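What follows is a set of notes on a single structure, which appears directly below.
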Amino acid sequence: MEKKKLRSQEWFGGKDKMGFVHRSWMRNQGYPDDMFNGRPVIGICNTWSELTPCNGHLRELAEFVKKGVLEAGGFPLEFPVMSLGETIMKPTTMLFRNLASMDVEESIRANPLDGVILMTGCDKTTPSTIMGACSVDIPTMVVPGGPMLNGKFRGGEIGSGSFNWAIKEGQKTGTFSEADLLEAEIGAARSAGHCNTMGTASTMATMAEVLGLTLPGASSIPAVDARKKVMAQLSGRRMVEMVREDLCLSKILVRKTFENAIVANAAVGGSTNLIIHLQAIAGRIGVDLKLQDFDDLGQHIPLLVNLMPAGKYLMEDYFYAGGINVVLKELGDLLHQQQLTVNGKTLGENNANAKCYNHDVIAKREQPFQDNAGIAVLTGNLCENGAVIKPSAASKKLMQHTGRAVVFETMEDYHARIDLPDLDIDENCVIVLKGAGPKGYPGMPEVGNVDLPEKLILKGVKDMVRISDGRMSGTAYGTVVLHISPESAVGGTLALVQDGDMIELNVEQRRLQLLVDDAELQRRRDAWMAPAAMAARGYVKIYIDHVQQADQGADLDILVGGSGSKVERDSH
Ligand code: FES
């Protein structure tokens, strides 16, 4: 078989003026001749940023990737891309996921890269980089940055994100002082890495591994464990081989690999955010994935891990117990074990020898922590195109509930009124939040799990049904209906809900219904006026004009699909 010409040689292999230009300026960094003579050029796409604390260690970790690339005969070139720091950026990183994916896509295509390693960590840095890479489709691997060590506070363990919700409650009830807050701050984040719960970052790293895009076991290793460096180095070595094998993303990412990700997400109690990210990735690589697939494929899957927010332990414990490899082995025939992964072996081969060292952290399939753990997809007149709820994070007694709506038109409206003493609300009400969808906010922030009213928290109320067109942090819990589509800002039925309407949630029957008759709904629809656009210019305007609804993955319509790796025109 004829050896495929390296892309990078179109830049570095020329004997003409442009060959000189491409090589000469690179040489100012001190590269010797042989770097340009047919070595696979491996891009290290780094989401390192001091503004993304979860990815703050990736600059150093990239050095280990480079070592591996060099050892295998490749030429590593690291480049920065837009980094999305969940805890810092406003109004929400989700507004910028698609923008970051464009940066990744164009950076890969425009440069002399034969393969690319995506250095990821914080929530959106995994999907955005994979989405961008899919639209180019050269050999690609993910090096997940890994979770922080367990959080520690007053002799106990605290999980990133999940503990935040407890702080809020504790402050309202007076059981959490200012001194407690300061002590918890450093104890909660005492090492490099991303959130240490099975929140969105851990979920997305897990997803990358299940999709076959990491070396086996990579996603569970804590950020500061020496084995993370080993994994990075081995990833660099393997990437060079992948280029020689022309193992592109489209050979790995097929419909069955996405089905595996849905199944595994149910088994690990993963984040609802996986849904929109997985659909967006599928859209880029040309795989048809529907919202309903998440319910159809995930609903009978048992919960096999006991990790916060659904359970008790943290990612560090999970790694010591055997990590994702054990879960994937335990799932057995529930997965397509023959799916190809980046190391050239199948998922089943990679996990065949996995051993569990703590069954309180990872259960056997016959004795799961919970049955039917998958995310439920709801339909009904309140969410014509669907909505989601995470049963493993919800209260059993509220899974079938009819209550009176207390409506907040925007997040600002919610903040202004939720703690007013005379707000007409009790624990049986349904809190309705509008204006939190992709176009409406804009950016679909993680506000769906709004706090309960202070007066009900003081009464000891722990959970209420909350519904919105927004998202929820993967570290959060509660009976929270999310991703309602169409969103209120485009005139979905959610926009028509008024205070006092009755709303029925029935998770078993997968129904979310506004109990208002059709004639009245039509009257309200006729009178409805769209909210004013939230931006007149710039990227945000492009986003609002082009973002798809949540049930489709909230990608920009102009970004769905790919353009391949070919660059049609030259720069001279
Ligand atoms: Fe970065 Fe949670 S804030 S992973």
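All values reported here derive from a predicted model rather than from experimental measurement. Whatever order the structure lists them in is the order used to number ligands and atoms, beginning at 1.
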Query raised in the report: What's the shortest distance from atom 2 (Fe) of ligand 1 to any protein heavy atom, and which residue and atom give it?
Result: Cys195 SG, 2.1 Å
**Report entry** Qualifying residue, where the test is side chain to side chain contact (heavy atoms under 4.5 Å, CB included) with Lys229 and the options are Leu61, Val65, Leu234
**Finding:**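 Result: among Leu61, Val65, Leu234, Leu61 is the only option passing the side chain to side chain contact (heavy atoms under 4.5 Å, CB included) with Lys229.
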Query raised in the report: Among Leu274, Thr126, Asn273, which one satisfies side chain to side chain contact (heavy atoms under 4.5 Å, CB included) with Thr200?
Result: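 In the set Leu274, Thr126, Asn273, the residue that makes a side chain to side chain contact (heavy atoms under 4.5 Å, CB included) with Thr200 is Asn273.
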**Report entry** Under 2.8 Å: N/O/S of His194 next to atom 1 (Fe) of ligand 1
**Finding:** no
What atoms of ligand 1 come closer than 4.0 angstrom to any heavy atom of [X]?
| X | result |
| --- | --- |
| Ala201 | 4 (S) |
| Thr87 | 3 (S) |
| Cys122 | 1 (Fe), 3 (S), 4 (S) |
| Glu86 | 3 (S) |

**Report entry** Sidechain N-carboxylate O distance under 4.0 Å for Glu487, Lys439
**Finding:** no
Query raised in the report: Charged N to carboxylate O under 4.0 angstrom, Lys67 versus Glu63?
Result: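 No, no charged N to carboxylate O under 4.0 Å.
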Query raised in the report: Aromatic ring centroids of Phe163 and Phe153 under 6.0 Å?
Result: yes
Report task. Heavy-atom distances under 4.0 Å are what count here, so tell me which part of Cys54 touches ligand 1: side chain, backbone, both or neither. Result ->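 For Cys54, the contact with ligand 1 is made by the side chain alone.
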Report summary line: In terms of heavy-atom contacts, Met444 and Gly470 come closest through CE-O, 4.0 Å
